[in-house]
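First listed ligand is number 1; within each ligand, the first listed atom is number 1. None of the values given here were measured: they were computed from a predicted structure.
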Amino acid sequence: MTSTKIAPGVDLLSAHLDTRAQKAMVSAVRKTVRAAPLYTPTMPRTGKPWTVRMTNCGPLGWVSDRSGYRYQPTHPDTGRPWPAIPQMLLDLWDETTGYKAPPECCLVNFYTDKARMGLHRDEDEQALDAPVLSVSLGDTATFRLGGLERKSKTQSFKLHSGDVLLIGGDNRLAYHGIDRVFPGTSTLLKDGGRINLTLRRVTKP
Ligand code: MD6
Ligand code: FE
């Protein structure tokens, strides 16, 4: 495990999760997906489908559709409440963020080798004093980190299975995205692909 300061408020904890912990996390994600199936979100206004499939756990889930981005307590397709955030993720949040309140959303992103995530900011939360904690599982991806403006210069680095990334502090609202996923770089997921989990505190504690 090594910790790298990528930028102010941005810390990469490389190989924070060992193989055992990664396998346990995949089991927890599979259980989440059984209760709240992955679905294909659509873009605001245009209704264009995302290449990433999503689901959530926690009291609030982040969703995107033609009407916009928002947090809501239920799955858009099933109408059921999101399942609870697995205890091991709550523990990881406490251990790595030290934030005074638990996360309310764990967004689950699933990438096949053709999926991408465009440059965006995580800005739909009220508790901007809390970092966003991200966990990567499965295939390696290239993460692009910019600055507070869309035109700010960017840097990119790889995220490997078991890496934990914290984005907070001065860069809590920095632009970022996933340029590409490299197929066949991990054997963690039996059918390949990449899972990214992002934990957020949404409301002010
Ligand atoms: C991903 N991650 O890694 C997408 N957002 O697939 C994010 O969008 C992200 O990793 C906020 C903080 C950390 C992240
Ligand atoms: Fe993000």
Side-chain angles (χ1 to χ4, degrees), residues 3-17 22 25-26 29 33 38 40-41 43-44 50-56 58 60-64 69-71 89 92-93 96-97 99 103-148 150 152 154-183 185-186 188-189 192-202:
S3 173
T4 308
K5 178 141 312 270
I6 305 271
V10 182
D11 293 282
L12 173 60
L13 314 181
S14 301
H16 188 79
L17 302 175
Q22 291 173 44
M25 218 156 264
V26 171
V29 173
V33 169
L38 288 165
T40 301
M43 296 294 291
W50 290 62
T51 55
V52 177
R53 289 192 296 152
M54 295 183 184
T55 189
N56 290 271
L60 293 171
W62 186 88
V63 300
S64 168
Y69 302 144
R70 65 189 172 278
Y71 282 98
L89 283 167
L92 181 66
W93 171 271
T96 59
T97 71
Y99 191 69
E104 294 169 298
C105 170
C106 174
L107 172 64
V108 179
N109 291 142
F110 179 75
Y111 297 74
T112 58
D113 53 1
K114 288 182 183 66
R116 310 269 184 275
M117 190 174 295
L119 217 55
H120 68 277
R121 309 198 290 178
D122 288 28
E123 59 179 358
D124 302 317
E125 302 75 26
Q126 283 113 46
L128 292 174
D129 58 332
V132 177
L133 182 165
S134 131
V135 180
S136 292
L137 297 167
D139 286 335
T140 301
T142 306
F143 188 90
R144 183 177 295 276
L145 176 71
L148 300 181
R150 193 172 273 283
S152 310
T154 65
Q155 57 178 313
S156 42
F157 51 93
K158 284 185 177 162
L159 289 177
H160 300 97
S161 194
D163 289 354
V164 168
L165 178 67
L166 287 158
I167 298 192
D170 292 348
N171 277 302
R172 175 61 182 75
L173 292 174
Y175 280 89
H176 59 276
I178 293 287
D179 288 350
R180 65 169 296 196
V181 174
F182 299 90
T185 47
S186 165
L188 185 70
L189 306 177
R194 172 175 184 264
I195 294 169
N196 172 257
L197 308 171
T198 47
L199 283 90
R200 305 97 185 279
R201 177 73 197 186
V202 180

Within a strict 4.5 Å, meaning less than it, do heavy atoms of the [X] and [Y] side chains meet?
{"X": "Cys105", "Y": "Asn56", "result": "yes"}
{"X": "Lys158", "Y": "Phe182", "result": "yes"}
{"X": "His16", "Y": "Thr96", "result": "yes"}

Using atom types as modelled, flag every donor-acceptor pair under 3.5 Å from a side chain in residues 107-114 to any protein atom, sequence neighbours excluded.
none

Exercise for the section: If the plane angle is over 60° it's perpendicular, under 30° parallel, otherwise tilted; pick one for Trp62 and Trp50. Expected result: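 Geometry flag for Trp50 against Trp62: perpendicular rings.
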Side-chain atoms of residues 166-174: list all donor-acceptor pairs with protein atoms under 3.5 Å, sequence neighbours left out, distances to 0.1 Å.
{"residue": "Asn171", "atom": "ND2", "partner": "Pro8", "partner atom": "O", "Å": "2.7"}
{"residue": "Arg172", "atom": "NE", "partner": "Ala130", "partner atom": "O", "Å": "2.9"}
{"residue": "Arg172", "atom": "NH1", "partner": "Asp122", "partner atom": "O", "Å": "2.7"}
{"residue": "Arg172", "atom": "NH2", "partner": "Glu125", "partner atom": "OE1", "Å": "2.9"}

Practice task
Closest by any non-hydrogen atom to atom 8 (O) of ligand 1: pick that one out of Arg116, His120, Arg194.
Solution key: His120
Completion exercise
Among Asn109, Asn196, Leu159, the residue with a heavy atom nearest to atom 1 (C) of ligand 1 is Asn196
Completion exercise
Among non-hydrogen protein atoms, atom 11 (C) of ligand 1 lies closest to Asp122 OD2, 3.1 Å
Pull out every atom of ligand 1 sitting under 4.0 Å from any heavy atom of [X], numbered as shown with elements.
{"X": "Val132", "value": "11 (C), 12 (C)"}
{"X": "Tyr111", "value": "1 (C), 4 (C), 6 (O)"}
{"X": "His176", "value": "5 (N), 7 (C), 8 (O), 9 (C), 11 (C)"}
{"X": "Ser134", "value": "10 (O), 13 (C), 14 (C)"}
{"X": "Ile178", "value": "1 (C), 3 (O), 4 (C), 6 (O)"}

Practice task
Run through the protein N/O/S atoms less than 2.8 Å from the Fe ion (ligand 2) and write them out by chain and number.
Solution key: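 Protein N, O or S atoms closer than 2.8 Å to the Fe ion (ligand 2): His120 NE2, Asp122 OD1, His176 NE2.
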Practice task
Please answer whether the main-chain N or O of Asp179 pairs with a side-chain N or O of Arg116 as donor and acceptor at a distance below 3.5 Å.
Solution key: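 Judged by distance alone, yes, a pair lies under 3.5 Å.
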Exercise for the section: Return yes if some donor-acceptor pair links the side-chain N/O of Asp163 with the main-chain N/O of Ser14 below 3.5 Å, else return no. Expected result: no
Problem - Set of residues satisfying salt bridge (charged side-chain N to carboxylate O under 4.0 Å, His left out) with respect to Asp124, sequence neighbours excluded - result: none
Practice task
Return the minimal non-hydrogen interatomic distance between Val202 and Glu104, and the atom names on each side.
Solution key: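 Looking at all heavy atoms of both residues, the shortest contact is N-OE1, 2.8 Å.
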Problem - contact_flag Arg200 ligand 1 heavy-atom lt 4.0 Å - result: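 Outside the 4.0 Å threshold, so no.
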